[in-house]
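The structure under discussion appears below in the form of structure tokens.
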Amino acid sequence: MSGRLQGKSAVVTGAASGIGRATAHAFAEAGARVVAADLDREAVEAVVAAITDTGGMGVSVGGDVSRRADAEAIVATAVERFGGLDIVVNSAGITPRALGPDVDFERAWETVISVNAKGTLLVSKAAVDAMRAHGGGGAIVNIASVMSMVGYHPSLALSDGFNPYPHSKGTVLQMTRDLAVRVAAEGIRVNAVCPGFVYTGLTRGVTQNPELHRALIAMHPMGRLGEPEEIARVILFLASDEASFVTGAAWTVDGGYTAA
């Protein structure tokens, strides 16, 4: 273990898969005590089992981040099990594709906004309260998206203008900035990571379409999509003391997608 987060306690939501899972593993390898949270309790238990099998320290907790009681319980788990909370990564997220093609657009919008934006809000509020109760200080890293900065390219046909995913991630990015300036004097840093297209369960419906997959690759100057571990390494930096003068920032990790 590298020890970059030695002695720190961390909550990672959406930890059962994708970027959240990669982050939970990266944190544990760096010495953090990890609360891995996800709606999929069985899958997140498997993540924690893998962490502990390799000498790390972790605990799993099920919960829906869009429910205030669940969000507060996730944070309370870190306080109760590890004596406090130092780091939160808001990685829980959903796209409308996961809801199926027959879901009404209004219901899809409300569901995606509830998980991606409201979930980030609720966990962050509980985290800030916990950090303040233990003397202040800490780091929050929100997972936004390049779609918080740009719209879907029309050639991809992924949005008709009413896709709630970029709307929700734009909210996460602005929430990051607003919260960061408010709590900076208390030693709490808040930053966002904005991944490009990454091979996760959220993008599987896109990457399994050969034509669309090729088009996406062509839009990334590096000539490929990202891997969850590449995003997790940036999250690890922002959560660590190495980023002690970084707050309110949006870190784009997209293989050049938004620069092209």
Side-chain angles (χ1 to χ4, degrees), residues 1-65 67 70-94 98 115 119-120 123 126-127 130-131 134 138-143 191 193 195 198-204 207-208 224-243 253:
M1 295 185 184
S2 69
R4 293 169 73 185
L5 300 182
Q6 198 68 43
K8 304 282 190 181
S9 62
V11 164
V12 180
T13 69
S17 61
I19 293 170
R21 178 173 60 195
T23 301
H25 281 292
F27 278 18
E29 290 170 4
R33 299 164 294 175
V34 180
V35 174
D38 202 281
L39 190 61
D40 188 340
R41 184 61 184 265
E42 183 176 351
V44 81
E45 286 176 352
V47 171
V48 170
I51 286 173
T52 56
D53 285 348
T54 55
M57 184 177 296
V59 60
S60 65
V61 58
D64 179 352
V65 295
R67 291 170 50 89
D70 287 9
E72 291 175 348
I74 289 167
V75 169
T77 300
V79 175
E80 293 165 3
R81 295 293 296 269
F82 302 135
L85 178 65
D86 302 296
I87 301 162
V88 166
V89 178
N90 283 303
S91 184
I94 190 172
V115 174
T120 298
V123 175
M131 291 170 180
H134 287 78
I140 297 173
V141 183
N142 296 324
I143 308 306
N191 291 290
V193 172
V198 178
Y199 290 110
T200 69
L202 291 184
T203 60
R204 189 172 296 123
T207 57
Q208 286 182 339
R224 65 180 179 87
L225 307 190
E227 298 290 345
E229 292 75 17
E230 293 178 297
I231 313 303
R233 287 193 286 270
V234 177
I235 297 169
L236 174 60
F237 165 71
L238 291 172
S240 75
D241 292 339
E242 295 169 21
V253 192

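Just so it is clear, the model here is predicted, and its values are computed rather than measured. Reckoned from all heavy atoms, side chains included, excluding hydrogens, waters and symmetry mates.
- Shortest non-hydrogen contact noted between A15 and A24 is CB-CB, 4.4 Å.
- The two residues A243 and F237 come nearest to each other via the heavy atoms CB-O, 3.3 Å.
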Item to check | Derivation of the side chain to side chain contact (heavy atoms under 4.5 Å, CB included) call for R81 and V35 | outcome: CA-CA 9 Å; R81 295 293 296 269; V35 174; 5.7 Å; no

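- In this structure E227 satisfies the salt bridge (Lys or Arg N to Asp or Glu O under 4.0 Å) test with no other residue, sequence neighbours excluded.
- Sorted by first then second residue, the salt bridge (charged side-chain N to carboxylate O under 4.0 Å, His left out) pairs that include residues 8-17, not counting sequence neighbours, are K8-D241.
- Not a single side-chain hydrogen bond (donor to acceptor under 3.5 Å, both in side chains) links E80 to another residue, sequence neighbours left out.
- Of all the heavy atoms in A28 and V34, the pair that sits closest is N-CG2, 3.9 Å.
- Here the shortest heavy-atom pairing between N90 and G119 reads OD1-O, 4.4 Å.
- Between F27 and I51 the shortest side-chain heavy-atom distance does not fall below 4.5 Å.
- Under the side-chain hydrogen bond (donor to acceptor under 3.5 Å, both in side chains) criterion, D64 pairs with S66, not counting sequence neighbours.
- Judged as a salt bridge (charged side-chain N to carboxylate O under 4.0 Å, His left out), the pairs with a partner in residues 44-57 (not counting sequence neighbours) are, in order, R41-E45.
- Put simply, the side chain of I140 does not reach to within 4.5 Å of the side chain of N191, judged on heavy atoms.
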Checklist entry - Going through the distances and angles, do V253 and V193 end up as a side chain to side chain contact (heavy atoms under 4.5 Å, CB included)? => result CA-CA 7 Å; V253 192; V193 172; 4.0 Å; yes

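- In this structure, the side chains of T207 and L225 come closer than 4.5 Å at one or more pairs of heavy atoms.
- In this structure, A16 and V44 approach most closely via the heavy-atom pair CB-N, 3.9 Å.
- Taking all atoms of both residues into account, the shortest heavy-atom contact from R33 to G7 is NH2-O, 3.0 Å.
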Next on the checklist: Checking L5 against I87 for the side chain to side chain contact (heavy atoms under 4.5 Å, CB included) test, could you report, in this order, the C-alpha distance in whole Å, the side-chain angles of both residues, the deciding distance, and whether it holds?
Outcome noted: CA-CA 10 Å; L5 300 182; I87 301 162; 3.9 Å; yes

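- Considering only heavy atoms from C-beta on, V47 stays 4.5 Å or farther from S60 through its side chain.
- Judged as a side-chain hydrogen bond (donor to acceptor under 3.5 Å, both in side chains), and not counting sequence neighbours, the contacts of S9 are D86.
- Taking 4.5 Å as the limit, some side-chain heavy atom of I143 sits within range of a side-chain heavy atom of I235.
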